[in-house]
Protein chains: 2
Amino acid sequence: MSPKTQSPGIAFRKHDHRRCQRQLLSEATQLCAERNLRLTSRRRQVLEILLASHQPMGAYDILAELNRSSRNEQIAPPIVYRALEFLLGEGLIHRIESLNAFISCAHPGHRCGAQFLICRDCDQVAELEVSDNDLLAEAGDLGFAVDHSVVEITGVCAECQKHVG
Amino acid sequence: MSPKTQSPGIAFRKHDHRRCQRQLLSEATQLCAERNLRLTSRRRQVLEILLASHQPMGAYDILAELNRSSRNEQIAPPIVYRALEFLLGEGLIHRIESLNAFISCAHPGHRCGAQFLICRDCDQVAELEVSDNDLLAEAGDLGFAVDHSVVEITGVCAECQKHVG
DNA sequence: CTGTTAACGTTATAATATAACACTATGTCG
DNA sequence: CGACATAGTGTTATATTATAACGTTAACAG
Ligand SMILES: [Zn+2]
Ligand SMILES: [Zn+2]
Ligand SMILES: [Zn+2]
Ligand SMILES: [Zn+2]
């Protein structure tokens with residue numbers, strides 16, 4: 001049996017992230033093996049950068065991180081974007097459209113889109129996994145065949161609401 | 001009594017768009033009057049460009065359109081972005097994050113975010129107005145104070161599904 | 001008018017993303 | 001093994017989207 005995925009909203013709760021990180025990387029490795037795909041070192045490198053936190057990162061932040069760790073090579077944007085493209089395609093990461101940023105997936109494997117809560121105070125982002133019935137029903141009524149959905153809710157997280165008062 | 005707004009999914013149905021356009025522009029004018037805001041000629045110009053269709057347009061497409069219509073001035077990006085910012089703020093248009101594009105709002109006034117169906121075949125975009133209970137419930141459970149929500153569903157519209165088979 | 005502010009115009013530049021093409025690693029088959 | 005096909009990588013240049021900064025003009029209140 002494969003390891004358990006993270007519960008919704010993990011980023012907003014204290015947890016043993018070291019463990020979380022290891023688990024997600026191992027799930028990714030396994031998933032690529034099952035699908036007969038190559039999680040090359042570049043791809044893993046980019047995934048690991050994103051797995052280091054539950055924060056979203058811009059492509060150029062990732063690029064900078066790559067260039068920091070790997071001395072004496074100068075890595076260029078296409079390398080990052082290609083790795084991101086692969087990881088997106090396999091549902092190992094997500095793109096946050098409203099931030100032009102990328103974030104590691106909290107429960108890899110689902111390719112159909114996720115939902116995010118984005119705190120505009122602390123910039124933390126939590127991935128949910130809600131079945132989005134109301135919307136899908138409406139789409140269905142109009143005969144629309146859903147492919148991918150982007151749901152990004154901006155606001156203030158519980159923690160930050162306390163600190164404002 | 002103010003004029004009726006468009007029903008959900010208007011862009012996917014045949015309708016008298018000339019009328020639709022006039023109505024939305026008049027609603028916008030009225031709404032700005034009520035709010036004591038200036039719908040200046042630049043702002044109206046940009047709104048009219050977006051009202052010309054129910055299609056999303058990139059900022060630079062709008063810019064090109066401005067430069068086409070107004071001979072002998074060369075308009076620059078900030079002008080467009082500022083008009084867009086105003087229109088967004090008043091809920092007269094929306095930003096489609098996953099397309100980096102802007103679209104006229106089908107029922108102006110609601111500032112809290114909308115839902116879109118985006119056909120990847122014909123590029124048409126329909127605005128819905130669904131109360132998004134499942135998501136808001138989950139956000140509520142986590143104590144998250146919602147501010148703005150982005151919902152963009154990509155797929156194939158009913159019409160395009162026919163033409164594929 | 002005259003001071004105050006909002007909107008506009010202009011220039012330059014930042015931030016994000018991709019096209020195009022050459023090179024290298026990986027695996028297949030004779 | 002060695003030739004081939006293909007997927008992945010590296011490199012350069014450039015496209016696309018968006019904003020900073022600052023001066024000018026228009027609108028409006030006193
Ligand atoms: Zn974690
Ligand atoms: Zn927060
Ligand atoms: Zn219409
Ligand atoms: Zn369509």
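Side-chain atoms are counted along with the backbone in the values below, which use heavy atoms only and exclude waters and symmetry mates. Protein chains get the first letters and strands the later ones, always in sequence-line order, with residue 1 at the start of each.
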> Which value, rounded to the nearest 0.5 Å, describes the distance between L92(B) atom CG and L50(B) atom CG?
Replying inline: 10.5 Å
>> What I'd like to find out is whether the side chain of Q45(B) reaches to under 4.5 Å of the side chain of L66(B), using heavy atoms alone.
In response: yes
> Which nucleotides of nucleotides 9-14 of chain D have their base under 4.0 Å from a protein heavy atom (B), which only their sugar-phosphate (S), and which neither (-), written as one string 5' to 3'?
Replying inline: BBBB--
> First and last nucleotide of DNA chain C in contact with chain B, 5' to 3', at under 4.0 Å to a heavy atom: what are they?
Replying inline: dA7(C) to dT11(C)
> What residues, two or more places apart in sequence or in another chain, satisfy side-chain contact (heavy atoms from CB on, under 4.5 Å) together with R44(A)?
Replying inline: L25(A), L39(A), E48(A)
> In whole angstroms, how far is the P atom of dA7(D) from the CD atom of E85(A)?
Replying inline: 14 Å
> Could R82(B) and E85(B) be called an ion pair, given the rule that one side-chain N must be under 4.0 Å from one carboxylate O?
Replying inline: no
> What residue pairs, at least two apart or across chains, pass salt bridge (Lys or Arg N to Asp or Glu O under 4.0 Å) with a residue in residues 72-81 of chain A?
Replying inline: R42(A)-E73(A)
> Over how many whole Å does the gap from N36(A) atom CG to dA7(D) atom P extend?
Replying inline: 13 Å
>> According to side-chain hydrogen bond (donor to acceptor under 3.5 Å, both in side chains), who are the partners of R120(A), at least two apart in sequence or on a separate chain?
In response: D147(B)
>> For F116(A), give me all partners under ring-ring contact (aromatic ring centres under 6.0 Å, His included), at least two apart in sequence or on another chain.
In response: H94(A)
> Considering residues at least two apart in sequence or located in another chain, which fulfil the side-chain contact (heavy atoms from CB on, under 4.5 Å) criterion with N36(B)?
Replying inline: none
> Could you run down nucleotides 25-30 of chain D 5' to 3' and tag each one B, S or - for protein heavy-atom contact under 4.0 Å?
Replying inline: --S---
> Per the end-axis method with five pairs at each terminus, what is the bend angle of the helix from dC1(C)-dG30(D) to dG30(C)-dC1(D), to 10°?
Replying inline: 20°
>> Going by side-chain contact (heavy atoms from CB on, under 4.5 Å), name the residues that satisfy it together with N67(B), two or more places apart in sequence or in a different chain.
In response: L63(B), Q74(B), I75(B)
> By side-chain contact (heavy atoms from CB on, under 4.5 Å), which residues pair with D123(A), not counting sequence neighbours?
Replying inline: Q55(A)
> Of the non-hydrogen atoms in A59(A) and V80(A), which two are nearest, and what is the gap between them?
Replying inline: O-CG1, 3.7 Å
>> What I'd like to find out is whether the side chain of H54(B) reaches to under 4.5 Å of the side chain of V125(B), using heavy atoms alone.
In response: no
>> Expressed as a whole number of angstroms, how long is the span from N100(A):CG to dA18(D):C1'?
In response: 10 Å
>> Just to verify, what does E97(B) make a side-chain hydrogen bond (donor to acceptor under 3.5 Å, both in side chains) with, not counting sequence neighbours?
In response: R95(B)
